[in-house]
Undergrad: 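Quick one: the structure is below, and I'll ask about it shortly.
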Amino acid sequence: MENNIEKPTSDPIPVYLIPWDPDSQEHVDRMKLQRIACGWKVEEVDGWREPQREGRIGLHWVVLHPDHPETPSRLERHFAAYPDESKALQDTCKMILGRPHKPNPLIPVFSPVGHIALDSVTPKPELETSLSNGILSLMNFYISTALQSLGLGGVSLKYCEEMAKEEFGAKAITLETISNEECRVDSPRRIALKRPIPTITNQDWYSRRGYRVYASKEVAWVDVDETGKEWPTRSVFLRKDLV
């Protein structure tokens, strides 16, 4: 896969995606920093290296387009919030989802502001993930907290959908996220865990972008409040057809 970025006649798309290199310690360390900022799964990063090599997961960095007029100010905001991420990375990944990746020689280094994964194998049968059947699953989506509410998440998702269809022949994308009912104002779980009331829930955010609920799971994971009480969490599975 090759990222061909030409000089635009108008403002280019704000972001593009570069594969995460599981054989680069710099890439691994940066992913750990972003998972710390995200709030979970930092302990799983080392375990993602082999699946990435084998093409079972397809982690990509979210990178601000160098020619977009807002990129310098956005990078400044990101680095101010996360100074440990100020060192640029090199595009060194060789394979992604079983296909060769050729770095763009015009963009030798980059500074990621998030990440997103398209996986071809997942441990959850509800996701129906199968590259041979044209179904990839969206996993581990994160945008820098310093840059949220700027539309970068929606643009990154759209770019990811286009890549899934055009580069990997996907017919649909599935994903799992927290159910709306767990985010209600009167949700005992939300109150006990001291979670803020979201401006828009994850489920509604994806629904606005064409994803439709097709299944749910009563106990997807368990959170623990400060008293030690466990709170089972309900999730929903969503799908978007690309063709």
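Start at 1 with the first residue, then count along the sequence. Note that the structure is predicted; figures quoted are calculated from it, not measured. What's counted below: heavy atoms across the whole structure, side chains too, no hydrogens, waters or symmetry copies.
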Undergrad: Which label fits F110 and W61: parallel for a plane angle under 30°, tilted from 30 to 60°, or perpendicular past 60°?
TA: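 Aromatic pair F110/W61 classed tilted.
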
Undergrad: Write down the atom of Y16, the atom of I107, and the distance for their closest heavy-atom approach.
TA: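 In terms of heavy atoms, the two residues are closest at OH-CG2, 3.2 Å.
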
Undergrad: Using the rule that Ile, Leu, Val, Met, Phe, Trp and Tyr join whenever any side-chain heavy atoms are under 4.5 Å apart, tell me whether V121 and V45 fall into a single cluster.
TA: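 Each belongs to a different hydrophobic cluster.
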
Undergrad: List the steps, then state whether side chain to side chain contact (heavy atoms under 4.5 Å, CB included) holds for K158 with E162.
TA: CA-CA 6 Å; K158 183 178 180 181; E162 293 174 352; 3.5 Å; yes

Undergrad: Report the C-alpha distance between I178 and T201 in whole Å, list the side-chain angles of each, state the deciding distance to 0.1 Å, and finish with yes or no for side chain to side chain contact (heavy atoms under 4.5 Å, CB included).
TA: CA-CA 8 Å; I178 189 170; T201 65; over 6 Å; no

Undergrad: Checking T227 now: which residues fulfil side-chain hydrogen bond (donor to acceptor under 3.5 Å, both in side chains) with it, not counting sequence neighbours?
TA: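 side-chain hydrogen bond (donor to acceptor under 3.5 Å, both in side chains) check on T227 returns D225.
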
Undergrad: Are side-chain heavy atoms of E176 and T122 found at a separation under 4.5 Å?
TA: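 No, every pair of side-chain atoms sits at 4.5 Å or beyond.
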
Undergrad: Begin from the C-alpha positions of V62 and L152 and carry the test side chain to side chain contact (heavy atoms under 4.5 Å, CB included) through to its verdict.
TA: CA-CA 9 Å; V62 174; L152 297 179; 5.9 Å; no

Undergrad: Under the 3.5 angstrom rule, does the side chain of R35 hit a backbone N or O of K41 as a donor-acceptor pair?
TA: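 No, R35 side chain to K41 backbone: no donor-acceptor pair under 3.5 Å.
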
Undergrad: To check you understand the geometry: which heavy-atom pair defines the closest contact between K171 and N133, and what is its length?
TA: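 Closest heavy-atom pair between K171 and N133: CD-O, 4.3 Å.
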
Undergrad: Can you check side-chain hydrogen bond (donor to acceptor under 3.5 Å, both in side chains) on T233 and E182, steps first, answer last?
TA: CA-CA 7 Å; T233 305; E182 303 287 16; 5.0 Å; no

Undergrad: Tell me if a side-chain donor or acceptor on Q203 pairs with a main-chain N or O of N180 at a distance below 3.5 Å.
TA: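 Yes, Q203 side chain to N180 backbone: donor-acceptor pair under 3.5 Å.
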
Undergrad: Donor-acceptor check, side chain of E85 to backbone of V113, threshold 3.5 angstrom: yes or no?
TA: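 Absent.
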
Undergrad: Measuring from atom CD of E70 to atom CG of L75, what distance do you get when rounded to the nearest 0.5 angstrom?
TA: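 Here the interatomic distance stands at 11.5 Å.
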
Undergrad: Are E126 and K124 ion-paired here, with the side-chain N under 4.0 Å from a carboxylate O?
TA: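 No, this pair does not count.
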
Undergrad: Within this structure, what is the NE2-CD distance for the pair H27 and Q25, rounded to the nearest 0.5 Å?
TA: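 Separation between the atoms: 11.0 Å.
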
Undergrad: Using side-chain heavy atoms (C-beta onward) and a distance below 4.5 Å, is Y82 in contact with L33?
TA: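 Sidechains of L33 and Y82: no contact.
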
Undergrad: Taking atom NZ as the centre, does K240 end up with more than 12 heavy-atom neighbours from other residues, nucleotides or ligands that are less than 6.0 angstrom away?
TA: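 For K240, atom NZ is crowded (more than 12 foreign heavy atoms under 6.0 Å).
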
Undergrad: Enter the distance from D21:CG to R49:CZ here, rounded to the nearest 0.5 Å.
TA: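 Answer rounded to 0.5 Å: 8.5 Å.
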
Undergrad: Could you tell me whether the side chain of K94 reaches within less than 4.5 Å of the side chain of P100, counting heavy atoms only?
TA: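 Not in contact.
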
Undergrad: Linking I/L/V/M/F/W/Y whenever their side-chain heavy atoms sit closer than 4.5 Å, directly or via other members, would V155 and Y211 fall into one cluster?
TA: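 They do share one cluster, since a chain of ILVMFWY contacts under 4.5 Å joins V155 to Y211.
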
Undergrad: Over all heavy atoms of both residues, which pair between L131 and F168 is shortest? Give the atoms and the distance, please.
TA: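 Looking at all heavy atoms of both residues, the shortest contact is CD1-O, 3.8 Å.
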
Undergrad: Is it true that E26 and K87 make a salt bridge, defined as a side-chain N closer than 4.0 Å to a carboxylate O?
TA: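 Not counted as a salt bridge, because no side-chain N and carboxylate O are separated by less than 4.0 Å.
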
Undergrad: Could you report the tightest heavy-atom contact between R77 and A146, atom names first, then the distance?
TA: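 For R77 versus A146, the nearest heavy atoms are NH2-O, 3.1 Å.
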
Undergrad: What is the distance from atom CG of L238 to atom OG of S137, rounded to the nearest 0.5 Å?
TA: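 Reported value, rounded in 0.5 Å steps: 11.5 Å.
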
Undergrad: Is the shortest side-chain N to carboxylate O distance from R53 to E50 below 4.0 Å?
TA: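 Yes, charged N to carboxylate O under 4.0 Å.
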
Undergrad: Return yes if some donor-acceptor pair links the side-chain N/O of R190 with the main-chain N/O of V185 below 3.5 Å, else return no.
TA: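 Side chain of R190 to backbone of V185: a pair is present.
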
Undergrad: Distance only, no hydrogens: is a donor on one side chain within 3.5 Å (strictly under) of an acceptor on the other, for N104 and D91?
TA: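 Note: N104 and D91 side chains miss the donor-acceptor criterion.
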
Undergrad: Who passes side chain to side chain contact (heavy atoms under 4.5 Å, CB included) against C160, sequence neighbours left out?
TA: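 So C160 forms a side chain to side chain contact (heavy atoms under 4.5 Å, CB included) with L17, I116, L118, L138, M163.
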
Undergrad: Shared ILVMFWY cluster between V28 and I18, side chains joined below 4.5 angstrom?
TA: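 The answer is yes; both residues are in one hydrophobic cluster.
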
Undergrad: Can you confirm whether more than 12 heavy atoms, excluding those of E226, are under 6.0 Å from its CD atom?
TA: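 Open: at most 12 neighbouring heavy atoms sit under 6.0 Å from CD of E226.
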
Undergrad: Can you tell me how far apart NE2 (H78) and OG1 (T145) are? Round to the nearest 0.5 Å.
TA: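 That separation rounds to 8.5 Å.
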
Undergrad: Consider only side-chain heavy atoms of I, L, V, M, F, W and Y, link residues closer than 4.5 Å, and tell whether L157 and M139 are in one cluster.
TA: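 L157 and M139: separate clusters.
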
Undergrad: Taking side chain as C-beta onward, heavy atoms only, is R234 less than 4.5 Å from S216?
TA: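 Yes. Closest side-chain heavy atoms under 4.5 Å.
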
Undergrad: For E44, does the CD atom have more than 12 heavy-atom neighbours from other residues, nucleotides or ligands under 6.0 Å away?
TA: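 Yes.
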
Undergrad: Under 4.5 Å between side-chain heavy atoms, counting indirect links through other Ile/Leu/Val/Met/Phe/Trp/Tyr residues: same cluster for I173 and L127 or not?
TA: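 No.
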
Undergrad: Which of parallel (below 30°), tilted (30 to 60°) and perpendicular (above 60°) describes H115 and Y142?
TA: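 The arrangement is tilted - the two ring planes meet at 30° to 60°.
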
Undergrad: Do L59 and M31 come within less than 4.5 Å of each other through their side chains, counting heavy atoms only?
TA: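 SC-SC contact between L59 and M31 confirmed.
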
Undergrad: Can you see which heavy atom on A172 is nearest to which on D241, and at what distance?
TA: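 Residues A172 and D241, closest heavy atoms: CB-OD1, 3.6 Å.
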
Undergrad: Taking the side chain as every heavy atom from C-beta outward, state whether Y206 and F141 have any pair of such atoms under 4.5 Å apart.
TA: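 When only atoms from C-beta onward are counted, F141 and Y206 do touch, with a gap below 4.5 Å.
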
Undergrad: Are T177 and V236 side-chain neighbours, meaning at least one heavy-atom pair lies under 4.5 Å?
TA: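 A side-chain contact under 4.5 Å exists here.
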
Undergrad: Please name the residue in the list L136, I57, I135 that meets the side chain to side chain contact (heavy atoms under 4.5 Å, CB included) test with S120.
TA: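 The residue from L136, I57, I135 that satisfies side chain to side chain contact (heavy atoms under 4.5 Å, CB included) with S120 turns out to be L136.
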
Undergrad: Taking all heavy atoms of W20 and all of C93, pick out the closest pair and write down the distance.
TA: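 Heavy atoms only, the tightest pair is O-SG, 3.5 Å.
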
Undergrad: Is it possible for you to check whether R209 lies under 6.0 Å from the centre of the six-membered ring of W205, through NZ or CZ, and within 45° of that ring's axis?
TA: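 Judged by the rule (NZ or CZ under 6.0 Å from the ring centre, within 45° of its axis), R209 counts as positioned above W205.
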
Undergrad: Run H60 and I96 through side chain to side chain contact (heavy atoms under 4.5 Å, CB included) and show every step you take.
TA: CA-CA 9 Å; H60 289 74; I96 184 68; 3.6 Å; yes

Undergrad: Would you mind checking if E167 and R99 are paired as a salt bridge, meaning a charged N to carboxylate O distance below 4.0 Å?
TA: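 Between E167 and R99 there is no salt bridge, as every charged N stays at least 4.0 Å from the carboxylate O atoms.
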
Undergrad: Keeping the roles fixed (side chain from R212, backbone from S207), state whether a donor-acceptor pair exists under 3.5 Å.
TA: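 Checked: pair present.
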
